[in-house]
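Everything numeric in this text was worked out from a predicted model, so none of it was measured. The chains referred to below are lettered A, B, ... by the order of the sequence lines, with proteins before strands, and numbering in each begins at 1. Below, each value reflects all heavy atoms present in this structure, side chains not excepted, and no hydrogens, waters or symmetry copies.
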Amino acid sequence: MKTMNAFDLLKERGFFKQVTFEEELRKTLAEEKVTAYVGFDPTADSLHVGHLMGIMALAHLQRAGHRPIALVGGGTVMIGDPSGRTELRTMLSKEVIAQNAEAIKAQLTHYMDFSNDRALLVNNADWILPLNYIEFLREIGSQFSVNRMLTAECFRSRMERGLSFIEFNYMLLQAYDFLVLNRKYGCKLQMGGDDQWSNILAGADLIRRLEETTAYGLTWPLLTTASGKKMGKTEAGSVWLDPKKTTPFDFYQYWRNTHDDDVERFLGYFTFLPMDEVKRLGALRGQEINEAKKILAYEVTKLAHGEEEAKKAQKTAEALFEAGKVSASALPVTMVTATDYPEGIPLLDLVVLTGLVPSKKEARRMIDQRGLYLNDEVVTEVQRVIRPGDYPEGLILQKGKKIFHKVEFK
RNA sequence: GGAGGGGUUCCCGAGUGGCCAAAGGGGGCAGACUGUAAAUCUGUUGCGUCUCGCUUCGAAGGUUCGAAUCCUUCCCCCUCCA
């Protein structure tokens, strides 16, 4: 089967906002195996949903026969990208960054194949940390015009608030990354969110000047949900790819609750479903679009956590919401040692213990407002005490309509 | 380095001696309505042994019966000048 041009594929799936030399890039992607990279900052020991655009862009490219490089910004993270930020980033220690990079690689392997150098993972700490300041200034710094840099959007917005010199250098380092990857691996394409546009251009320019060869840049639209919220953030914090930080069930639920207007876009970005299927699902209206949401949630969860977990999450969700049954295996569980509470444990304490609410005060409020359920029944008695033996099978606490937590006794 | 302005609860922002756990908005949470959607409406939003107590208004001291509010020192941020 003749595969589609990778450029058209990305464009069709929505990974397209700005691009350099569109036709030329398209041609290159048709004619040769292209090495392309996306950078990820190792600010935490797990990637989260906000990184998924970059991951999927690389994964789609690999499936179209090209070679992705995932660059972990272990060096640049020590500077902090000023784009879209108003504050200096806190600096992490080298050890922590190295650990994070490892964890990130493990997660990336779910999405692409790193065997036999079919995809590469590099850490820019390897070449940025040893840099010599004077040499860097002479080789790289001399190629940049401050006047021009200041016209870049990412700096302009910061001119009013102030911009530290260290942040001002971020662009040079990112450009340098691209140059290094170009020299070492023949990397010709850098991709990123649209906030990265000026940094990507800087890199492509630098390569053109020093290597006298063309390098390309492609950005995708910055991802916000239809309700204008930042992608991947919930009240509970980020939605992580690490199952220890965000359970597969919660992960599934995050996608299951996608806004109607986001469903089609998300299917394009975050699944490998063929586009005609994506369009069909996205066209569903009213109650029917729930089908599309289930498929979205299932597919995305499958990619992140594997088929088994995805099925489990889906089953749990169906049992909970459709059959109204409270049983279910994929819920987060808290174990309570009965012997620690010979008199029984006050429900208020139990709710706090599960992490459903941060304080007893809030637990009280929750009960007052009839927002807490125990095994499907509204809790009305604030002072209720759960005695050992009351629920030998364990019990399920529910906060509001959608948040469930299982408690088991031992 | 000089002059001026400012740091308030998750965020923005009012509050200049007691009526302040601190207006208002945003956000969050819960309820109603629904499709596990959106919008809308209602309630709620420091902690606890909860008609009472404790902690909070950049930090530490001080004045006072009483301080977010007054005084002292320190830290940080911004603007203008150099």
Exercise. Once you round it to whole Å, what is the distance between P of B:C47 and CZ of A:R364?
Worked result: 11 Å
Exercise. C1' atom, B:U16 versus B:C11: distance in rounded Å?
Worked result: 24 Å
For this session: Sticking with atom C1', work out how far B:G58 lies from B:U69, rounded to a whole angstrom.
Result: 15 Å
Exercise. Is there a donor N/O on one and an acceptor N/O on the other, under 3.5 Å, for the side chain of A:D260 and the base of B:G35?
Worked result: yes
For this session: May I ask you to list the residues of residues 340-360 of chain A, by number, that have any heavy atom positioned under 4.0 Å from an atom of RNA chain B?
Result: A:S359, A:K360
Problem set entry | Donor-acceptor pair (no angle test) under 3.5 Å: A:Q369 side chain, B:G31 base | no
Exercise. So, is A:K401 close to the B:C29 phosphate, meaning a side-chain N or O under 4.0 Å from OP1 or OP2?
Worked result: no
Exercise. Could you walk me through whether A:D194 and A:T219 pass the side chain to side chain donor-acceptor pair (under 3.5 Å) check?
Worked result: CA-CA 5 Å; A:D194 200 48; A:T219 61; 2.8 Å; yes
Exercise. With both distances kept under 3.5 Å, what pairs with B:C80, Watson-Crick or G-U wobble?
Worked result: B:G2
For this session: Let me know the distance between CZ of A:F321 and P of B:A37, rounded to the nearest Å.
Result: 9 Å
Exercise. Yes or no on side chain to side chain donor-acceptor pair (under 3.5 Å) for A:Q196 and A:N199, after CA distance, side-chain angles and deciding distance?
Worked result: CA-CA 5 Å; A:Q196 296 300 312; A:N199 293 336; 3.2 Å; yes
For this session: Look at A:D205 together with A:R148 and state whether they make a salt bridge at an N to O cut-off of under 4.0 Å.
Result: yes
Exercise. Partner of B:U16 by Watson-Crick or G-U wobble geometry, both contacts under 3.5 Å, or none?
Worked result: none
Exercise. How would you label the contact of A:Y252 with the nucleic acid (heavy atoms, under 4.0 Å): base, sugar-phosphate, or nothing?
Worked result: nothing
Exercise. Whole Å only: how far is the NZ atom of A:K399 from the C1' atom of B:U44?
Worked result: 13 Å
Exercise. Does the side chain of A:Y373 get closer than 4.0 angstrom to OP1 or OP2 of B:G31 through an N or O atom?
Worked result: yes
Problem set entry | Phosphate OP1/OP2 of B:A37 contacted by A:K402 side-chain N/O (<4.0 Å) | yes
Exercise. According to the Watson-Crick and G-U wobble definitions, with both distances under 3.5 Å, which nucleotide is paired to B:U40?
Worked result: B:A32
Exercise. Does NZ or CZ of A:K188 come closer than 6.0 Å to the centre of the six-membered ring of A:Y216, within 45° of the ring's axis?
Worked result: no
Problem set entry | Donor-acceptor contact below 3.5 Å, side chain A:R13 vs main chain A:T271 | yes
Seminar exercise, completed: A:R365 CZ to B:G31 P, in whole Å, measures 15 Å
For this session: For B:A21 versus B:C52, give the span between their P atoms, rounded off to a whole number of Å.
Result: 12 Å
Exercise. How far does the C1' atom of B:G53 sit from the matching atom of B:G43, given to the nearest Å?
Worked result: 26 Å
For this session: Starting at atom CD of A:E362, determine the distance to atom P of B:G46, rounded to an integer number of angstrom.
Result: 9 Å
Problem set entry | B:G27 - base-pair partner by Watson-Crick or wobble geometry, distances under 3.5 Å | B:U45
Problem set entry | Atom P, compared across B:C54 and B:G4: separation rounded to whole Å | 41 Å
Exercise. Can we say A:E362 and A:K399 salt-bridge, meaning some charged N sits less than 4.0 Å from an Asp/Glu carboxylate O?
Worked result: no
Problem set entry | Between B:C47 and B:U64 - P atom distance, rounded Å | 35 Å
Exercise. Which pairs with one or both residues in residues 361-403 of chain A pass ring pair (Phe, Tyr, Trp, His ring centres under 6.0 Å), sequence neighbours excluded?
Worked result: none
Exercise. Is a salt bridge present between A:E22 and A:R26, judged by a nitrogen-to-oxygen distance below 4.0 Å?
Worked result: no
Exercise. Would A:R285 and A:D260 pass as an ion pair if we require N to O under 4.0 Å?
Worked result: no
Seminar exercise, completed: From CZ of A:F266 across to C1' of B:A37 the rounded distance in Å is 13 Å
For this session: Could you please spell out the steps behind the salt bridge (Lys or Arg N to Asp or Glu O under 4.0 Å) verdict for A:E277 and A:R280?
Result: CA-CA 5 Å; A:E277 176 72 355; A:R280 184 186 72 76; 3.3 Å; yes
Problem set entry | Rounded interatomic separation in angstrom, taking NZ from A:K361 and P from B:G28 | 23 Å
For this session: Measure from NE2 on A:H259 to C1' on B:U34 and round the result to the nearest Å.
Result: 14 Å
Exercise. Syn or anti for B:U49, with syn set at within 90° of 0?
Worked result: syn
For this session: For B:G48 versus B:U42, give the span between their P atoms, rounded off to a whole number of Å.
Result: 29 Å
For this session: Mark yes or no for whether A:T337, through its side chain, and A:D340, through its backbone, hold a donor-acceptor pair below 3.5 Å.
Result: no
For this session: Scan residues 280-296 of chain A against RNA chain B and write down, sorted by residue number, each residue with any heavy atom closer than 4.0 Å; if none is found, say none.
Result: A:G286, A:Q287, A:I289, A:N290, A:K293
Problem set entry | For B:U72, the Watson-Crick or wobble partner whose two distances fall under 3.5 Å | B:A60
Problem set entry | Sugar-phosphate only, base, or nothing, as touched by A:R370 at under 4.0 Å among non-hydrogen atoms | sugar-phosphate
Exercise. Expressed as a whole number of Å, how far does the P atom of B:G1 sit from that of B:C74?
Worked result: 13 Å
Problem set entry | Centroid-centroid under 6.0 Å between A:F136 and A:Y176 rings | yes
